[in-house]
Amino acid sequence: MSSVDHKFDADSVEKNQLDVGVHVVADGRHKFDVASIDLVQRRLKQRHVQMIAIAGTLGTGLFLGSGKALSGAGPVGALIAYALVGSVAYSSLCSIGEMTSHAPISGTFPHFAARWVDPALGFAVGWNYFYTNVITVPVEITGAQILITYWDSNANHAGIYTAIIIVFACATNVFGVRYFGEAEFMFSIIKLTMITGLIIVGLIIDLGGAPNHHRLGFQYWKNPGVLAGAQLEPTHVGLDRFLGILNVLVQASFSFQGMELVAIAASETENPRRNIAKAVRRVFFRILVFYILGIFITGLIVPYNDPNLLQSTGTAAQSPYVIAMTNAGIKVLPSIINAGVMTSAFSAANSFLFCSSRILYGLALRGQAPKIFARCTNSGLPLIAVAFSSLFAFLALMNVASGSATVFNWFVNLSTVGGFFGWGSINLTYLYFHRGMKYQGIDRKKLHYWNPFQPWLSIWGLSWCIFFIIINGFSVFWDFTAAGFLTAYINIPLFFALYFGYKWTKKTEIWKPEEMDFVTGIPTPEETEGPYYPPVGFWQKLAAILF
């Protein structure tokens, strides 16, 4: 690769508060130090970051998708699928959390991949992740519009509602990161209140506290049972049930997608090292309570063969909680739930738009995207990147036109595997990061966040991501169509085309441990972290627990 200068630099040890034995001077062509042109500002406060971490991307995938998971795999099958995908999401968050704790800079994990694995991997991951997130924006906007049909089923109004949602989502991002943070703070409170309320109501229904006073207990685990089949191998019951769980794995991943948003926002966060560390530590409990406990309660209150679960209305009517409330004689809450889910869909669209614009901005800073996307306003907003990303939101209008829905769904399916490539690259990059830190004598325990189970967590996450990529779309082989196969697997050759294309044109090589740069362009803790003031009094301590 490029020539590098290795020397012991005692000053860098004190400067970075890490026992750095080797200081690698970066080749300027890789643009590791972009402080002079990176003009985003740290305007996200602790409460913004913590709420974004807890509920930033909770959307229709959890509130409505849990019903599809239940019907596809049964209560225990769905629980297994969500627990497994949740463990992969957690391993990915731990990996990116530790790397971000060392380097809270723009570009996040695509830049980490370029910096510590191979510049070509950073290019491929960055553009793949940008595409995955930017195409999810119209998906969530469409979901929010469909939810409105719960009250207004007039098809002529769909375009108007879609346009209004697009404008609000784009405006929230265009006004700047502070407004984005405030909006997500409020949306997150609504989402957390709703999912907590749903879990409590579900428990009440299960224990017989609903108007019909029918105690359910675990009766639906006995009849119709704990596992459902995929209906691909009806003559082989065991195999069919196993395939049902595999089917739900891919669906469940959509519910967890975007959990790494908190790390992507690190370059615009006050006290990023301290706040990101706090956020990542709470991710485990978020997954355990909102996802695992939520899907567990769902399996108690609705049988997996309930015909309403199979109706893809796109509104709260297909939510297992609404189905359970209707069956139990509760009439007021479904409309409230629909409003909450609609808010969640809008919030998720808002978050994915923010995420995609920041990834594009990070690529542009280091010469892997057109320079125009690196331009910022005086207030630190990467306006061109935000505006370009916002254009993709208008793809949601395709669902309004007759005949375009099929094309739109194909386009959406192309991005399904993109999230797995993102998580996989995070865990792969961490393995290189861990090896490089160890080789250069850097003590990870002095970082604001480090996980004692690493690198085993990243190995776990990477292994499962590879498996998920392979089995994504496997059901197409039971009813093969060229379109189904392409939409399920075309992202694999696209990703490697980006990687090898950049590698061939730029003549990049994989970094060796002694070549990895852990210093250049990375701000010291003194530059990013303000003084810590412990909470005083009841309300401050309560706020510290919540936020």
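Atoms considered below: every heavy atom in the structure, side chains included; atoms not considered: hydrogens, waters and symmetry mates.
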* **Residues Trp127, Gln368; criterion side-chain hydrogen bond (donor to acceptor under 3.5 Å, both in side chains); working and verdict** => CA-CA 9 Å; Trp127 279 104; Gln368 294 187 325; over 6 Å; no
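- For the residue pair Pro119 and Thr508, the shortest heavy atom distance occurs at CB-CG2, 3.9 Å.
- Aromatic ring orientation, Phe187 versus Phe346: perpendicular (interplanar angle above 60°, classes split at 30° and 60°).
- Of all heavy-atom pairs spanning Asn128 and Gly418, the tightest one is ND2-O, 3.3 Å.
- Separating the CD atom in Glu184 from the CG atom in Leu44 is a distance of 10.0 Å, to the nearest 0.5 Å.
- Counting non-hydrogen atoms of neighbouring residues, nucleotides and ligands closer than 6.0 angstrom, the CZ atom of Arg42 exceeds 12 such neighbours.
- Ion pairing between a basic and an acidic side chain is recognised when a charged N comes within 4.0 Å of a carboxylate O; Lys45 and Glu270 show such pairing.
- Using a 4.5 Å heavy-atom threshold, the side chains of Arg375 and Leu383 count as separate.
- Taking OH of Tyr432 as the reference point, atom CG of Leu121 lies at 9.0 Å (rounded to 0.5 Å).
- Counting heavy atoms from C-beta on, the side chains of Arg274 and Thr269 never come closer than 4.5 Å.
- Between Phe123 and Tyr499, the ring center distance fails the sub-6.0 Å criterion.
- Side chain of Asp118 to backbone of Ala114: no donor-acceptor contact under 3.5 angstrom is found.
- You'll find the side chain of Phe392 stays beyond 4.5 Å of the side chain of Phe352, heavy atoms only.
- Contact check for Asn271 versus Thr528: no side-chain heavy atoms found under the 4.5 Å cut-off.
- At distances below 3.5 Å, at least one donor-acceptor pair connects side-chain atoms of Gln454 with backbone N or O atoms of Ser458.
- Side-chain atoms of Thr196 do not come within 3.5 Å of backbone N or O of Thr193 as any donor-acceptor pair.
- Centroid-to-centroid, the aromatic rings of Trp116 and Phe433 come within less than 6.0 Å.
- Asp517 contributes a side-chain N or O that, together with a main-chain N or O of Thr520, makes up a donor-acceptor pair within less than 3.5 Å.
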* Stepwise, does the side chain to side chain contact (heavy atoms under 4.5 Å, CB included) test hold for Met437 with Leu447? -> CA-CA 11 Å; Met437 296 273 280; Leu447 297 172; 4.1 Å; yes
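- Gln41 contributes no side-chain N or O that, together with a main-chain N or O of Glu268, makes up a donor-acceptor pair within less than 3.5 Å.
- From Ser95, atom OG reaches atom CG of Leu462 across 9.5 Å, with rounding to the nearest 0.5 Å.
- Judged purely by atom type and a 3.5 angstrom limit, Arg273 has no side-chain atom pairing as donor or acceptor with the backbone of Thr100.
- Panel note: side chain Asn133, backbone Tyr129; a donor-acceptor pair is recorded below 3.5 Å.
- Residues Phe109 and Val125 meet the side-chain proximity criterion, which asks for heavy atoms closer than 4.5 Å.
- In summary, of the residues considered (Phe290, Phe420, Tyr291), a ring pair (Phe, Tyr, Trp, His ring centres under 6.0 Å) with Phe256 occurs for Tyr291 alone.
- Looking only at atom types and distance, the side chain of Ser347 has no donor-acceptor partner in the side chain of Asn350 under 3.5 Å away.
- The side-chain heavy atoms of Leu360 and Phe388, taken from C-beta on, include a pair separated by under 4.5 Å.
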* Asked: Between Leu363 and Phe373, does a side chain to side chain contact (heavy atoms under 4.5 Å, CB included) hold up when you go through it step by step?
  -> CA-CA 9 Å; Leu363 288 169; Phe373 295 125; over 6 Å; no
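- The CD atom of Glu260 sits 6.5 Å away from atom SG of Cys355, with the distance rounded to the nearest 0.5 Å.
- Residues passing the ring-ring contact (aromatic ring centres under 6.0 Å, His included) test with Tyr361: none are found, sequence neighbours excluded.
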* To do: Check step by step if side chain to side chain contact (heavy atoms under 4.5 Å, CB included) holds for Val88 and Trp460.
  => CA-CA 7 Å; Val88 176; Trp460 171 268; 4.3 Å; yes
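- Residue Ile292 holds its CD1 atom at 7.5 Å from CD1 of Ile287, rounded to the nearest 0.5 Å.
- Ser101 and Trp450 share no donor-acceptor pair across their side chains, judged by distance under 3.5 Å alone.
- Two residues are said to be in side-chain contact when any heavy atoms from C-beta on lie closer than 4.5 Å; Val177 and Leu381 fail this criterion.
- Remark: Asn427 CG to Leu93 CG distance equals 10.0 Å, nearest 0.5 Å.
- A salt bridge links Arg444 to Glu98: at least one charged side-chain nitrogen sits closer than 4.0 Å to a carboxylate oxygen.
- Here the side chains of Ser91 and Trp423 are not in contact, with every heavy-atom distance at 4.5 Å or above.
- In this model, a donor atom of one side chain and an acceptor atom of the other lie less than 3.5 Å apart for Glu182 and His48.
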* Candidate pair Phe468 and Val85, rule side chain to side chain contact (heavy atoms under 4.5 Å, CB included), full reasoning -> CA-CA 9 Å; Phe468 293 157; Val85 176; 4.2 Å; yes
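- No side-chain donor-acceptor contact under 3.5 Å links Thr343 and Lys191.
- Minimum interatomic distance between Ala393 and Ile141 (heavy atoms only, all atoms of both residues): CB-CD1, 3.8 Å.
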* Show your working on side-chain hydrogen bond (donor to acceptor under 3.5 Å, both in side chains) between Ser357 and Ser389 and close with a plain yes or no. => CA-CA 6 Å; Ser357 64; Ser389 300; 5.0 Å; no
